[in-house]
Structure formats: structure tokens, C-alpha cells
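Chain naming here is simple, since letters A, B, ... match the order of the sequence lines and numbering starts at 1 in each. Reckoned from all heavy atoms, side chains included, excluding hydrogens, waters and symmetry mates.
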Amino acid sequence: MAGEYIPLLVAVPLAGAFFCALAARKSGVLADTIGTLIVALVLALSIYAVVSPPSTHAVGGWPAPLGILLVMDGLASLMLLVVSLVAFLVMIYSLSYMNAYSGRWQFHTLFLLMLAGMNGVVITGDLFNLFVFLEVASLASYALVAFGTGKHELEAAFKYAVMGSLGSLLLLLGIAFLYGYTGTLNMAHMAERLGELGVAPITVAALVLLLSGFALKAAIVPFHSWLPDAHPSAPAPISAMLSGVLIKSLGVYTIARLVFNVYGASPDLLNLLLVLGAVSMGIGVILALRQWDMKRLLAYHSVSQVGYMILGFGLGSPLGILGGLFHLFNHSIFKSLLFLNSGALEQATGTRNLKEMGGLSGRMPTTSWTTLSASMSISGVPPFSGFWSKLIIVMACVEQGRWFYGAWAILVSVLTLASFLKVTKFAFLGKLGKGFENVREVPWPMRFGMVVLALLCIVGGLMLVPEVKEMVLTPAVRVLDHGILTLGEVVRL
Amino acid sequence: MARNDGEAGMTLVVKTVTRLTVGLIFLYGIYIVLNGHLSPGGGFAGGVIIALSFINLFLAFGAKKTFEIIRKDAVTALESVGAVLFLGIALLGFIDGGFFSNFLPQGELFSLVSGGAIPLSNIAICIKVGAGIFGMFLALVAFRGSEREGK
Amino acid sequence: MSLENLFSLDLFSFSPLAWLAAAFAGLFFILVVIYSLNFMKGRKGLFRYYLYTVLTLVLTLGVIFADNLLLLVILWGFLGLLLYLLIGFGRTPSTPATARKALLIVGGTDAMMLLGLALVWFLVYGPGTGLSGLAKLSFSTVTIPVAGGLSVAAFLLLASAALAKAGAMPFHTWVPDMAEDAPIPVTAYLPASLDKLLGVFFLARISLELFILDSTLGIVLMALGSITIMAAVMMAMVQHDMKRLLGYHAVSQVGYMVLGIGTGNPIGICGALFHMFNHTIYKSCLFMAAGAVEKSMNTTDLHRLGGLAKLMPLVFGAFFVASLSISGVPPFNGFASKWMIYQGIIGTAGNGWTWIIWLTAAMMGSALTLASFMKLIHAVFLGQASPHVTKIAESSRPGTPFALAAPIAVLAVLCILFGVFADRIPFGELFSPVLAGEPVFPGLWSSTSATILILAGLFLGMVVYLLGSAGKTRSVAPFIGGEDLDARPSMRVSGVDFYSTVKDVKPLGVLFDWAERKHFDCYVVGLRFADFLGGILSGLHNGLLGRYVLWCLAGVVALYLALIG
Amino acid sequence: MIHSWLPYVLCILLFCVGVYAVLSKKNLIRIILGIVIADYAVNLFLILLCWKKGGEAPILQPGAMEQVMVDPLPQALVLTSIVIGLATTAFLVAIAMRLHERYGTYDITRIRELRG
């Protein structure tokens, strides 16, 4: 039991949030300091979690089936790393970006609350506890979407909140079903009990409800319609967090846990995931191609890219899971970078409409090349990180004999490239847009965040170097590939 | 609704009844909180009741009078204080084993001083919830006010 | 895929042919840099320009020497990005669109290549082997016989990337656009030389080393090659812009190489590779000459050019040589390689009657190429000077700076050398050590003696002409219908309308019309279709919350049905 | 005799009523009410889950330690869920009020500038 540090991953950002609300109302600088320090601390903790062996922590000293068990296994530590890495860089970016908004302490409070919620979702081993943290993160994200309090922000926040609440209700109902059937909330215990009791109509119903709820949070077609409204409306750093990590920790991660570790992946279930993933990929990318609002375009790509991860999981083989998880990691990096870039462009030019931009590569060289590297990464151009994960997913499709899905992944990848070339074409190439003669490159904190993320996009393929892979990715793959967890083995961690 | 025209608040009847009951409601809230570990109730329920007493005050006497008793800033600050206290109690659990561990002696069953750190948590929750709900009420009401003034 | 592996030489193989290709790449790099010194002078971002140029060379060498398929795919994909960045140096308004189109087609086929890589990996190692197989997937150890759908698919997917890079149909449409918009040195560097080298070299490697082709796939390749030759040359004939016209020829000539590889016999493949080298020489020469014209005249519009032979004699001479070379006129190098390809096609006669079609297409293509170059030479160098040219010639004395002239001259000389001494220099010195046992320059054709005969014939004709017409020639100013042309510039024959009557032929006219409306452009058609689908989907997202919630409920029901069923 | 599953069915029906309100009502406030109804249906469901024949409230009383109690866990869950529901509702109401300020209407079908 070396898991004493696990609760800190939730407690630290929560404490930071309330300290911001308490002490940093008057001083934006203090709020920034607290926010940055807290996120840096969380990042350090997650790196520690990655390098240290898996462990658990029983909250309040109550043993597992009774109390809440926090579980830090390979998957959780990978997700934590993703979340806190992106959060840290986004936080540095926002130091300068959020100057345009009033109420810095509110931003930091909500940001840290969301971070605490996401971390909680990832580390908890208890289904209801997961629901609570999921709601904390969701509520904070609703509020962050409405942060600008403009017309569109409010509209998007309302729709997002209504649909998000509906999703949460489905989840709660599903949890109630499962609790009623198995009499436990601990996920590992639940998996054990489900194995003993066998499949019943109620377990299928619960699965459908839970899957729908998580799919809504992950914005999988047809549950995706809130995302293209909500993600563009938030301030850029928040969009980066929402698209970069929130939909993954709340949606994709939870689906993976549910399908592999609680229910155990049956062929029917995996087929369902494959179809869901493929549909999301296609519909998301086709819609993205038509967009002229840069952030909306990026948002639709999130729908499409989440499809890749689900497709990878749906293959069910170790290679497919590896591809899905690796794509999850990469997508967090490049999608948050793309949103940060859109924020930089918006701040410099005052518009998000691609038609009004143009020729900015000379004016904003850093933004230009970070955008290019992120765009190439998401489009799977070698040697950027996205290429590797797509390669693995395609290889996994081929390995399973799922030719159609492999070809589909390739087609979607080409369309992704098309829409990102549209972005770079209209924003950076060509003649300088009207009124942009005095456009300057954004200040250094924003550039710092973008450049680090861009470097991660470029060297992302190194995650596959055996030493790194063994440490970060393989344990996570093992957790999912291992199938249903049993309480015994979780407690023994 | 609260207007700054001297005759703030509702009619005399309401004011008088409120004056008589508001203290009782407040006290009842505190009772619920302190007995939270023994009987139904606890921090959340008690906090709501305490918040209701302030809401009563606000509705009957208007904003000015209420803010003489408790400032608006204090409400939002108290909310965070409650949260920090609660988190602090949870973290103090590390003294004895881990997060949320009950680090205080348990005391005698069914007496007021029992349950270790649970009553303390209840108090923290009460502060958080009471301030939170009252703050929420203020936020909604104040927004309506500003909207009308805007027009 | 560990680090040690990545940098060890196991990932590379240094075959003699690869060294030859690398030498050519280096040569073109040097020529293009010299050319750029003058051509790109005064433009912004020159540091980046030369950086990308050098990077392109490095990656090209990497691709040429790569033995590991994965390594090749990575370097290959990155080259597409560099192409995109280099096109970005163009200054025409349509440059961004062209850059996007080029990277989309090249990058899109790279994605197909990725699937091809996965298929090859699967064919070799089968399921459940994990990632480790990728690092061992090399040309020198792996051979896959083409049998069954999977291997065919794998070959076609890999080949599509090669075709797109080389600019063959159906992935050719970026080349003419790029020729028009990108700076000339970039066009001469990438689509004209390096990308051709890479594409055809890769196609040859997968056809020879990685896969064992059957005759059906060979016929598919030959058909593709023939269509490319004919369609592109027909398009070239009706172009109005010098660079665009040359761009279509860059497509058309790839057809010969694909055709040669498709024959599957040594002489055809040898001819294809030889043609690939020859093509890079004359096509770069042509583009660089066009660049020199553009530099001094500020336009490449055929209508505004004319009579430049007097002003730029050296460029004219080089252009003339390269034109004859690309048209396959003996004794220049284009003829030598085409001759081998013809023989390769005839060599496939054992596989059925189709060889007649391919041979006809190849020969017709050469004839039409010559025809279109007659148009080009007339419109640019001969004919009557346009007012635009006259104006520039009067105001300043247009010359060709050394940095522009030197590469052009070098390439023109190479055209002659490789043609006249085809059996000695390229084959004797370069190819036969490389091909080790493959047939040396074959057939009943000795290029050197043929050249002597041709020269003798020309000399004889000249003598006859001089003897017959000495003292009897009368020079008058050009006129049409008795009108003095110099006085009436509007009656000048610019050459733009040469062959425009082709469009009046009924079935061809329809095809040209469709081509103009981009019905054959996979890029445009694909985007149109995606846009159509997107329009429908986008209309569904109409902002009504109720509808969105309904979708979610429908999703719940669908999931339920899927899981109980 | 009422069937033992009837209360559960009624709960689900109530949930459907809430969802129906979200689906078909135009007024923002009614949509929020729909969410609240559905929320309480789920809470009710949780409470029903822990019911046991002859069960008492799960509170220890001096001298009656051994009585039959209902399952206390769902009650705790319901409390948490109520808190979450409260927060969500408050947030939604606040947003709805601001939306009314910006769009001048509570009609959701007229608040649809984000589309496509």
C-alpha cells in the first residue's frame, strides 16, 4: 500500500480552487501564481504516478467493497499524465490569454475544479464516486463554456448543460440498475459479481444506459451535437482542455473501463464500438470540411478523432488498444495545440472566420509553424505523432481482418488532411487579410505553451521507443487487455 | 423585492413574523448540523436551513438590511472557507492512515461528542452549503435587479 | 523500432542503382541551387527556402537508400510536406490553393501507402506479432508473390503513392497546377526531377524487389501508363500557358515510365529507369528555360510571348534540344529510352494482343508531344514578337544571367551526351555496372552511328538547299492578305490557337469540356462529393435542442437494439 | 396486491415524462423543469432500490441495534445526487436568465444561432 499520494491528485487542485476563490479575488497575479503552482504540482504527482508501481488507496481506511477505493493502475496513470501535461501547458498559455477577460480568480477556480474532477474520474475505482467527479468536472466545464457570457457562449452552455445533465441522468440510472443487481459500487467487485450472476436483461439495460451516458460525454455520434456548439464558445485555453482532455477522461476513458474492465469485452460489444467509432469518424470529418469558423472546424474534428480511439478499442486486440490509447495521448496534444493556435489567431486578428484571415505566416511565424505541425500530426503525416497512432490503428484493423475499417480510417485521414490544409491555406498562406498590417505575434507565455506542444507533436513517435512504451503505454494496454478486473487483484496492487 | 427607497422589504406582517421566526430557523439549522452524526440531517440539510433563514431575511427586509448582517463578499468567501475546512479535515486523516481517515477519538456512542471528525466535517459542510445556497440565491436575485436597472 | 535500430545501417541498403539515383539527385540539387541564386534573388524567406531545399535533398537520399519500408514511408511522407512548403514560395494568387491541392493528393496517397504498409506487414508476419515486425520489413529480405486480393491491394496502395509522387494518372492533377504557380526552380527541382526519381524508383522497387508481379497487374500498369501518356499530352496541346503546358508534359512522360515498368521484362524496366533519368534532365532543362523566359519577360502567357530566339539565343538552343529530346527525336536521349520502352512493349506480345494498344499509345504520344512543342517553340521563340516583348526589348536589354544560363546549358549538353552516346556513357559507364548482367543498350540501334548518319543527312540537305537557292532568296516583311503585319499587331499569329480545333472533334470535345470542368480531377470530385454530403449533414444540425436530444434518445434505442440482438 | 415491480415502472415513467419535457417543450424554464423531474425520478429509483420488507430508516438508535434496516448506501447516494441536481438546476436557471437578457426570449427554438 504505497498509494498515499493518490488522493492528493484530487485534493491538491480542489484546495487550489478554493484558495483561489478565497484569497486571490483582488489580485489576478496571485490567482495566476496559485493556479500555475497547483497545476505544476499535479503534473509532478502524475509523473510520479507514472514511474511508480501501481497501487491503491482506501479512502477513510475502509476496505475495498465497502469504502471507496482509489486505484492507480497503468491506465489511470497514463490518463493522469495526459490530463496534467495538457493542463500545465494550457495554464501557462492562459496566463497571458486570459488578460482579455475579467474575473481571473473565477477562471482559475473553475479550471482547477475541472482538473480535480477529471483526476477524480480517472483514479477512482468506485462507480458512483466516478459519477460524482464526472459531475464536478462537467459542471465546471458548463460554467467555463459560458465564461465569456456572450450570446453564443450562453446558448452553447445551455444546450451543453441540458444535454450533459441528460447524459448524467442516464449514467445515474445505469449505476442504479447495476447497484440493484450486483449490490456493490466498486468496479472491480462489480465485475466479479457480474461474472458470477451472468447476463440478465437488466445488465444489458444498464450497459446501454451507461454507454449512452459516457458516449454523450465523449461526443460520439449520435450523441455529439452539443460539442460543436460548446467547444468553440469557450475561451481558447478552455476549448483546448475540453477538446483535448475532458471528452477523453470523461468519455473515452470511462467507456474503455466500462467495456473492458467491468463488463468484459464481448464480440457484440466490440462490434458496436467499431460501428460507433467508424460513424463518428466519418460524420465528424465531413462536417468539419464545411466549416469556416476555425474553432468549430476543430470541434468537429474532435468528434472524428474520438472515433479513431473508439475504433481502436473496438478492435479489442492488444494492438488496437495500444493504437486507441496512443491516439488518445496524441490527440490530447495536437488538438489542444490547435485550439491554442486558434486562440492566438483570434487574439491577434479579432476573428475566427477563416475567410477573413490570410497571409499570416509572415506576421505570426511561431503560430504558423505550430499550427502546421499540429495539423500534420492530426492528419497523420509522418513523422508527426498522429501518424504513428493511426498507423497502429490501421495495422490493428488489418490484423483483425477488418479491411473495411482500415480503409475507412485511411479515407477519414485524407479528409482530415483536406480540412486542415484548408485551415493553413486560408489562415497563413496567400495575401495578407485586410486590416492585419499591424498584427503581431502573441506574447511569450502563449508562445511557450504552443511551442512545447508542437515539439511534443513532432517527437510524439518516440513514445513507441521500447523503454518509454514499457513505462507509459504498455501498462495501460495491459489493464484493458486483461479483461474484467477482480477485486482481489485490484486490492493486491 | 428589494428597492432602495426607504420602505424596503415586504409588509409589516411579514416583517414581524420574520423577525420572530428567523432566529428560530437559524438555531434549528445549527441543531440539525450538530446532531448530524446522530440523527437524520447533517451538514447539507442544516446548511440549507441556515441559508433559508437568511433568504427569509432578505425577502422580508430587503438587501440593505441583510447585507448589514452579512456582507455579500463574506458569503462567497465563507463558501470557500467551508470547502477548505472540509478538505483540511480530509487531509488531516493522513495523521491516521489516509485520506478521510477519522483521526480523532471516536467518543461514546450516541453522545453529542462522538463520531470523531464527522461533526467537524458536518460543520464545514454546513458553512459551505449555507453560504453556497444563499450566494446562489443572491446571484440569481441580484441579476434580476441589474437587468431591470439596465432597462 | 528501438533507437539503436533506427540509426544503424540495417535500415539502409546501398545498391549501385540507388547510388546512381542519388548522384542524379545531387546533381539536380546543385543545378537548382545555382539557378535559384539568381531566380529567387530578392524574395522573402530565402533562408527557409534553401533550408527546405537541402532538407528535401537529404530526405530524398534517405528514401533512395532506405531499405526498411517503414523508414521509407516516414521520409516519403515528410517530403510531401516539404513540397507543400516549397510551393508556398509562389507568388500567384492561386498559390495557396495549389499548395493545398498538391499536399492533399500527395499526402492522401501517403495515407493509402500507410494502409499498404500495414497490409504488407500483415502478409509477411500475420496476426499477433505486434509492432516488432515493422522494423524488419525491408526490401532486401521480404518478397511477396502477388496472389489473391490482399497482395494486389497492397501493391496497388503502395503503387498509388508512387504514381502520385511521380504525377501519373489518376493522381496527376497537382503537377500542372504546381507548374503554373510554384517558383520555377521548385518545379524543376521537385515534380520535374526529384519527385519523378522517387516515384518511379519506388514503383520499380516494389514491382521488382517487394512483389512478384503477375501479368494482369502488369497490364493494369501499362494501361495506366498509356492513358497517362495520351490524356496528358492531349491536354498539353491546348494549353495557353508555357509552364502549364510543360506541366502536362511532365505528367505525360511519366506514362512511359509506368508503361516500361508494367512490361515486366528487363528491357522495358531498364528503359523506364533510363527514361526516368532522361526525363529529369530534359524536363528540368525545359522548366529552367521557361523560368529564364519568365524572369526576363515577366510572363509565361503564350499570347504575350514570341520571337525570343533572337533575344535569348542560348535559352532557345537549349530549349530546342530539350524539346526534341522529350519528343523522342533521335539522336537525343529521350529517343534512346523510348526506344527501349517500345522494345519492352513488343516483348510482352506473348501475353496477348494488348501490346498493340500500348505501343500505339506510346508512339502516338511521342508524335503529339512533338506537335505540342512545335506550338510552344513557335509561340515563344519563333514567330513574331508580341508588343509586350517588343516593349521590354526596347526598354531594357534582356539577357540571361550566368546563374540561370549555366544549369540550362549543362542540362542541354547532358541531353545530347546521353542521346548521342547512349550506348557508351549512360550504359557503358553508368548503367552496366549497376545492372550487372542485365542487357546493355539493346536493339539494332547504335546511337552514335545513327547520329553521324543524321548529321550527314542534315549536312547534305543544307548543301542542297544552299546550292539550289543561292542568290535567289527574297526577304520581305511578314504579311497576311497583303497587310503588313508589323504595322498591325492585332493580326499577329501567336500560336495560342494551334490545335484548338481538336476540341471540335465530337467525342474529344466532350472530354475536353469535362476536363475543363474538372470531372477527371480526383481532388475536385472528391471534395465536391464531401461537400455535398456535408451540406446534408450540416443542414441536420439546425440548432434545435429538441432535435439533438431526440438523436441522443434514438442513439440509446439503437444501442439497446444492437446489444439485445 | 400491487406488484413489486410497479413502483420501478412508475419511476421510469416519471423519468420519461421529464425527458419528454426536455424534448418537446420550447420554454427554457420548462426544459429545466423537465431535467428536474427526470432527476427526481432517478433519485426515487435509487431510494426504491434500498427498500426492504419491514425495513427501518438506517439510523442507529440506543437500545435497538439489531433491527432490520434498509440499505443505507443508496440514501447517501441520493443525497449526493440531490446536491448535484441542485447545482445543475441553479446553473441552468442562471444561464436561462442571461439568455433571456441576450435573446429577449425564453423560446429555445428561437435561440439557435449556432448551427451547421
Could you check whether any side-chain heavy atom of [X] comes within less than 4.5 Å of a side-chain heavy atom of [Y], counting everything from C-beta outward?
X         : Y         : value
Thr88(D)  : Glu135(A) : yes
Ile32(D)  : Phe158(A) : yes
Leu77(D)  : Leu185(A) : yes
Tyr160(A) : Ile95(D)  : no
Phe128(A) : Thr80(D)  : yes
Arg102(D) : Glu153(A) : no
Asn43(D)  : Leu172(A) : yes

Could you state the interatomic distance from [atom1] ([X]) to [atom2] ([Y]), rounded to the nearest 0.5 Å?
X         : Y         : atom1 : atom2 : value
Arg112(D) : Lys159(A) : CZ    : NZ    : 8.0 Å
Phe91(D)  : Ser165(A) : CZ    : OG    : 9.0 Å
Glu101(D) : Thr149(A) : CD    : OG1   : 8.5 Å
Ile31(D)  : Leu166(A) : CD1   : CG    : 11.0 Å
Ile84(D)  : Ser168(A) : CD1   : OG    : 8.0 Å

Check each atom of [X] against the heavy atoms of chain D and say whether the ones under 4.5 Å are side chain, backbone, both or neither.
X         : value
Gln291(A) : side chain
Phe177(A) : both
Leu169(A) : both
Ser233(A) : side chain
Tyr142(A) : both
Ile175(A) : neither
Arg296(A) : side chain

Between [X] and chain A, which part of the residue has a heavy atom less than 4.5 Å away: side chain, backbone, both or neither?
X         : answer
Phe15(D)  : side chain
Ile111(D) : both
Ile108(D) : side chain
Ile35(D)  : both

Please determine whether the number of non-hydrogen atoms from other residues, nucleotides or ligands lying under 6.0 Å from atom NZ of Lys26(D) exceeds 12.
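No, because the 6.0 Å sphere around NZ of Lys26(D) holds 12 heavy atoms or fewer from other groups.
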
Check this for me: Tyr20(D), atom OH, are more than 12 non-hydrogen atoms of other residues, nucleotides or ligands nearer than 6.0 Å?
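Incorrect, the count does not exceed 12.
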
Using only atom types and a distance under 3.5 Å, with no angle test, would you say the side chain of Glu155(A) pairs donor to acceptor with the backbone of Leu99(D)?
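It does not hold such a pair.
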
Chain D contacts, top residue of Leu139(A), Leu173(A), Val162(A) (heavy-atom pairs, under 4.5 Å)
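Among Leu139(A), Leu173(A), Val162(A), the one with the most close pairs to chain D is Leu173(A).
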
Please report the shortest heavy-atom distance between Gly180(A) and Leu49(D), naming the atom on each side.
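Where Gly180(A) meets Leu49(D) most closely, the heavy atoms are CA-CD2, 3.7 Å.
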
